[in-house]
Amino acid sequence: MLIVANWKAYVEQLTKAKALVASAKRLATKKEVQIVLAPPAPYLGMFLNGKGLKKELVQFASQDISDSTGGAVTGEVTAAVLAELGVTYSILGHSERRALGENDALIASKIQHAFAHGITPIVCIGERERDPEAQYLQFLRSQLAAVFGPLEQKDRMRIVLAYEPIWAIGKSATESIAPHDLNEMVLYIRKLLAEYLPGRGAEKVTILYGGSVEPGNIRDLAAGGQVDGFLIGHASVEVPTFSALVKAVS
Ligand code: PGA
C-alpha cells in the first residue's frame, strides 16, 4: 500500500513539518506500507539534502515539476534539481494545478522531464462532476490517452496514477466516493489502460485514490482490494489523523 501525503500549502511552519516527517518515519516500519511525503518544495531541501534513498520506507515527492530544463527561467524548480536532492516521486497534473491553467500537453511534457531524471510521476486524473449521461467516463478516457499515448512502453508501466474526482476533493469522509463506486472506477481505468499496456501490464500499474480520504473511510475504500494506495490532502497534515490513516491500513 502506497500512502502519499499531499501537504499542498497547508504546512507553513518548519516545526510542524518536522513533526510530520518524524511521525511518518515512526509509522513506516512495515514493508507493506510505503509512505511518500509531498511537502512544499523548500522543505524537500531541508529533509533530503541529497540523501533520498530508494529503499527508505519514507520517500519524498515534489508537488510539481518545471516544464523547463533549466537556464533563463526565473522561479522554476527543475527535475534535475529535485532528483539531485533525492526526490523520487512528483505529483503531476493535480486538479489544483490544472485549475491554474495546466493542460494535458504540458502535463505530458512534465512527465517526460520526471522520467528523464529517474523521478516517478504520480499523475492525477479525475472528472469535475458526474453527469447522468456518464460523459465523465469519456473524459477520463481522454485524460488517460493524453498521459499514456506519448509514453514509451517501459515508462507506461512505471506511472503511478491517482484517480482524484474533483467533486470529492477537500470535503469530508461522508462526501467522498462510495467504496463500491471506487472499485468500479478502478476496474474501468484498468480496462482503459489495457489499450496501452499489453498482456497483464494494466493490472500492474499502481493506481491510487484521492479525494477526502480520512481515518473514517480509508479502510472501507481499501477493502475492495482494487486501489494500491491513497493520495491524501487535508487529513495528512495533522500528526494524529495521519497516524490514524496509516494505522488503519497497516
Ligand atoms: P483531500 O485532497 O484529501 O484534502 O481531499 C486530496 C488531493 O487533492 O490530493
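Every number for a ligand or one of its atoms is a count from 1 in the order of the listing. Since the model is a prediction, treat every value here as computed from it, not as a measurement. Residue numbers count from 1 along this sequence. Worth knowing before you read on, the calculation uses all heavy atoms, side chains too, and leaves out hydrogens, waters and symmetry mates.
Under the 3.5 Å distance criterion, with hydrogens and angles disregarded, no donor-acceptor pair is assigned to the side chains of Tyr10 and Ser236. Side-chain contact check for Ser172 and Glu175: at least one donor-acceptor pair (N or O, by modelled atom type) lies under 3.5 Å. In this model, a donor atom of one side chain and an acceptor atom of the other lie less than 3.5 Å apart for His234 and Glu214.
Tyr209 and Tyr163 have tilted rings, their planes meeting at an angle from 30° to 60° on a 0 to 90° scale.
The two residues Ile3 and Phe242 have their closest heavy-atom pair at CG2-CE1, 3.9 Å.
One distance of note links CD of Gln135 with CD of Gln138; it measures 7.0 Å at 0.5 Å rounding.
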In a simple table, one pair per line, please give the protein and ligand 1 atom names for every N or O pair closer than 3.5 Å, along with the distance.
residue, atom, partner, partner atom, Å
ligand 1, 2 (O), Lys8, NZ, 3.2
ligand 1, 3 (O), Gly233, N, 2.8
ligand 1, 4 (O), His234, N, 2.9
ligand 1, 4 (O), His234, ND1, 2.6
ligand 1, 5 (O), Gly170, N, 2.6
ligand 1, 5 (O), Ser212, N, 2.8
ligand 1, 8 (O), Lys8, NZ, 2.7
ligand 1, 8 (O), His94, NE2, 2.7
ligand 1, 9 (O), Asn6, ND2, 3.4
ligand 1, 9 (O), His94, NE2, 3.1
ligand 1, 9 (O), Glu164, OE1, 3.2
ligand 1, 9 (O), Glu164, OE2, 2.7

